[in-house]
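In this chain, residues are counted from 1 in sequence order.
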Amino acid sequence: MEEAMSVDRLIGGLFLFACLLLWFWIIPQQVVGEEQAFYPRLTVILVAIPAALMFLRNKGRRITLAFFREGSDISKDLAGKILVLVLSYIVFLLCVEKIGFFVSSAVFCPLYMLFFAERNFWRISLTTCGLLGGIYIIVVQLLKYPLPAGLLF
């Protein structure tokens with residue numbers, strides 16, 4: 001009997017693994033200095049929180065080890081989800097550069113949470129407000145680092 005795993009847990013785990021790689025290995029290799037590393041790390045946090053919520057979720061379709069064989073419907077669905085997330089992350093980074101960090105994050109954080117199957121309005125609202133408020137208090141007020149500014153904020 002094959003061990004089954006939730007598709008949501010697999011996707012969330014893969015994105016958490018990617019966030020850990022970005023946080024501890026890729027960003028320190030590419031960026032010099034703590035102040036310059038804050039912007040990329042903030043965008044990693046924006047993806048990591050919904051991915052962690054998805055990883056903790058124990059509902060949804062289940063997969064087995066046969067999931068990875070050629071022609072699996074679920075594997076095609078998984079590849080599509082990952083492609084959409086990567087493309088939306090690129091669009092998010094471009095929006096941060098043009099529009100500003102807080103406005104872009106206020107739009108994309110709920111979108112990511114909806115994409116990661118969260119449907120509770122209060123959870124989405126509190127997570128978005130808490131994340132952006134926490135970033136503002138820690139980064140801007142306590143550490144006095146500037147956030148990326150765009151046209152709006």
Side-chain angles (χ1 to χ4, degrees), residues 5-63 67 74-153:
M5 179 181 191
S6 171
V7 173
D8 291 343
R9 280 196 164 180
L10 177 66
I11 295 172
L14 289 173
F15 272 94
L16 282 176
F17 180 72
C19 288
L20 288 173
L21 281 177
L22 281 167
W23 188 275
F24 291 109
W25 190 66
I26 295 172
I27 292 174
Q29 297 289 327
Q30 300 295 324
V31 179
V32 177
E34 290 183 26
E35 187 173 331
Q36 288 79 17
F38 261 109
Y39 165 61
R41 286 188 171 163
L42 290 177
T43 61
V44 169
I45 290 171
L46 193 70
V47 173
I49 288 177
L53 293 174
M54 188 174 188
F55 181 73
L56 295 174
R57 189 181 277 296
N58 197 16
K59 298 187 249 181
R61 292 183 293 173
R62 303 194 86 58
I63 58 172
F67 163 77
I74 297 174
S75 64
K76 292 176 187 173
D77 185 42
L78 180 64
K81 282 185 175 183
I82 291 174
L83 181 64
V84 166
L85 281 173
V86 169
L87 291 175
S88 69
Y89 189 62
I90 292 169
V91 170
F92 168 70
L93 292 176
L94 293 173
C95 287
V96 167
E97 185 178 322
K98 298 295 180 191
I99 298 173
F101 179 78
F102 279 104
V103 174
S104 299
S105 298
V107 170
F108 276 90
C109 186
L111 288 178
Y112 283 139
M113 291 185 72
L114 287 170
F115 188 78
F116 284 126
E118 181 60 59
R119 298 295 183 253
N120 186 331
F121 173 75
W122 292 110
R123 235 182 258 154
I124 291 171
S125 301
L126 290 175
T127 302
T128 303
C129 293
L131 177 66
L132 294 176
I135 288 171
Y136 181 77
I137 290 170
I138 292 171
V139 175
V140 176
Q141 296 296 321
L142 295 177
L143 298 175
K144 306 290 186 209
Y145 288 155
L147 288 175
L151 297 173
L152 294 178
F153 188 63

Tell me, which pairs form a salt bridge (Lys or Arg N to Asp or Glu O under 4.0 Å) where one or both residues lie in residues 120-146, sequence neighbours left out?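 Applying salt bridge (Lys or Arg N to Asp or Glu O under 4.0 Å) to every pair that reaches into residues 120-146, excluding sequence neighbours, yields Glu118-Arg123.
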
Test side-chain contact (heavy atoms from CB on, under 4.5 Å) applied to [X] - qualifying residues, sequence neighbours left out:
{"X": "Val140", "answer": "Tyr136, Leu147"}
{"X": "Ser125", "answer": "Phe121"}
{"X": "Pro28", "answer": "Arg41"}
{"X": "Leu16", "answer": "Ala48, Ala51, Ala52, Phe55"}

Tell me the closest heavy-atom pair linking Val84 and Phe115, and the distance in Å.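 That closest heavy-atom pairing would be CG1-CE1, 3.9 Å.
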
Looking only at non-hydrogen atoms, find the nearest pair between Leu53 and Met113 and report the distance.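 Residues Leu53 and Met113, closest heavy atoms: CD1-CE, 3.5 Å.
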
Which side-chain N or O atoms in residues 17-25 pair as donor and acceptor under 3.5 Å with protein atoms at least two apart or in another chain?
none

Using atom types as modelled and distance alone, determine if a side-chain donor or acceptor of Thr128 lies under 3.5 Å from a backbone N or O of Cys109. no

ring-ring contact (aromatic ring centres under 6.0 Å, His included) involving Phe92 - partner list, sequence neighbours excluded: Phe108

To the nearest 0.5 angstrom, please state how far the CG atom of Leu131 sits from the OG1 atom of Thr127.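 Result: 8.0 Å between the selected atoms.
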
